[in-house]
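For reference, the structure discussed in these notes is given below.
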Amino acid sequence: MKKTLLAGLAAAVLCTCGVNSAGAVNWQQFGQDSTGVSWFIDQDSIKADDKNATVDIKAQDSEGYHFIATEEFNRKDKTVKDVKVTLYNPQGYVEREEPVDNTARAVTEGSPSEAVYNHFWAPTDNVTVDNKKDDSKKVDKKSDKKSDKKAEKKDNKKK
């Protein structure tokens, strides 16, 4: 009877105290910045379509302090805004919740936000600003054949 009671008590403690910031089971690291902060994306939190995306992002320093931010991305405007930001200590307990101003900011080149943005909407090769294909790199097959024939004639003359 004591063993059953202790097992039940242990399970209750784990259920109530074991809930912390690492509750998401699908954190995938997508980078580390120059200060040693590791960046993760929660694959299970992703809600995305061709216009907008919302995702939980975690940034963790070498001591274990980390924040989890729910961020909303806008594809057309290439912007991101914080929906919720919470700071956690190394044990996973909430230190504080940061106030957010719900103001969109530009996704800047080389930033973790750009890496997440590209995770949803990877840049397409040869697409211009107005999303038309860039035909300037098309190969003219006729001119290629002519140059191939000229090269063959040169080789035959050498022999």
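Everything numeric in this text was worked out from a predicted model, so none of it was measured. These values consider heavy atoms only, across backbone and side chains, with no hydrogens, waters or symmetry-generated copies.
Partners of Glu95 according to the side chain to side chain donor-acceptor pair (under 3.5 Å) rule, which considers only residues two or more places apart in sequence or in another chain, are Asn89.
Between Phe73 and the options Asn52, Val55, Thr79, a side-chain contact (heavy atoms from CB on, under 4.5 Å) holds for only Val55.
In terms of heavy-atom proximity, Asn74 sits nearest to Asp77 at OD1-N, 2.8 Å. His66 and Lys58 get closest at one heavy-atom pair: CD2-CE, 3.9 Å.
Side-chain contact between Phe67 and Thr86: absent, with no pair of heavy atoms (C-beta onward) separated by less than 4.5 Å. Taking the side chain as every heavy atom from C-beta outward, Ile57 and Ile68 never approach each other to under 4.5 Å. Using a 4.5 Å heavy-atom threshold, the side chains of Ile41 and Trp27 count as separate.
The stretch residues 40-60 participates, sequence neighbours left out, in no ring-ring contact (aromatic ring centres under 6.0 Å, His included) pair at all.
In summary, Lys81 and Asp101 do not engage in a salt bridge, as defined by a charged side-chain N under 4.0 Å from a carboxylate O. Contact check on Arg105 versus Glu71 returns a salt bridge, with a Lys/Arg side-chain nitrogen under 4.0 Å from an Asp/Glu carboxylate oxygen.
Between the side chain of Asp82 and the backbone N or O of Lys84, no donor-acceptor pair lies under 3.5 Å. Between the side chain of Ser45 and the backbone N or O of Asp56 there is at least one donor-acceptor pair closer than 3.5 Å.
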What pairs of donor and acceptor atoms, side-chain ones from residues 107-120 against any protein atom, are under 3.5 angstrom apart with sequence neighbours left out?
{"unit_1": "Thr108", "atom_1": "OG1", "unit_2": "Ser111", "atom_2": "OG", "d": "3.4"}
{"unit_1": "Ser111", "atom_1": "OG", "unit_2": "Thr108", "atom_2": "O", "d": "2.7"}
{"unit_1": "Ser111", "atom_1": "OG", "unit_2": "Ser113", "atom_2": "N", "d": "3.4"}
{"unit_1": "Ser111", "atom_1": "OG", "unit_2": "Glu114", "atom_2": "N", "d": "3.1"}
{"unit_1": "Glu114", "atom_1": "OE1", "unit_2": "Gly110", "atom_2": "N", "d": "2.6"}
{"unit_1": "Tyr117", "atom_1": "OH", "unit_2": "Arg75", "atom_2": "O", "d": "2.8"}
{"unit_1": "Asn118", "atom_1": "ND2", "unit_2": "Glu114", "atom_2": "O", "d": "3.4"}

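Here the NZ-CH2 distance, from Lys76 to Trp121, works out to 13.5 Å after rounding to the nearest 0.5 Å. The CG atom of Asp33 lies 3.5 Å from the OG1 atom of Thr35; values are rounded to the nearest 0.5 Å.
Clustering ILVMFWY residues whenever any of their side-chain heavy atoms sit less than 4.5 angstrom apart, transitively, puts Val37 in a cluster other than the one holding Tyr88. Linking Ile, Leu, Val, Met, Phe, Trp and Tyr residues whenever their side-chain heavy atoms come within less than 4.5 Å leaves Val83 and Leu87 in two separate clusters.
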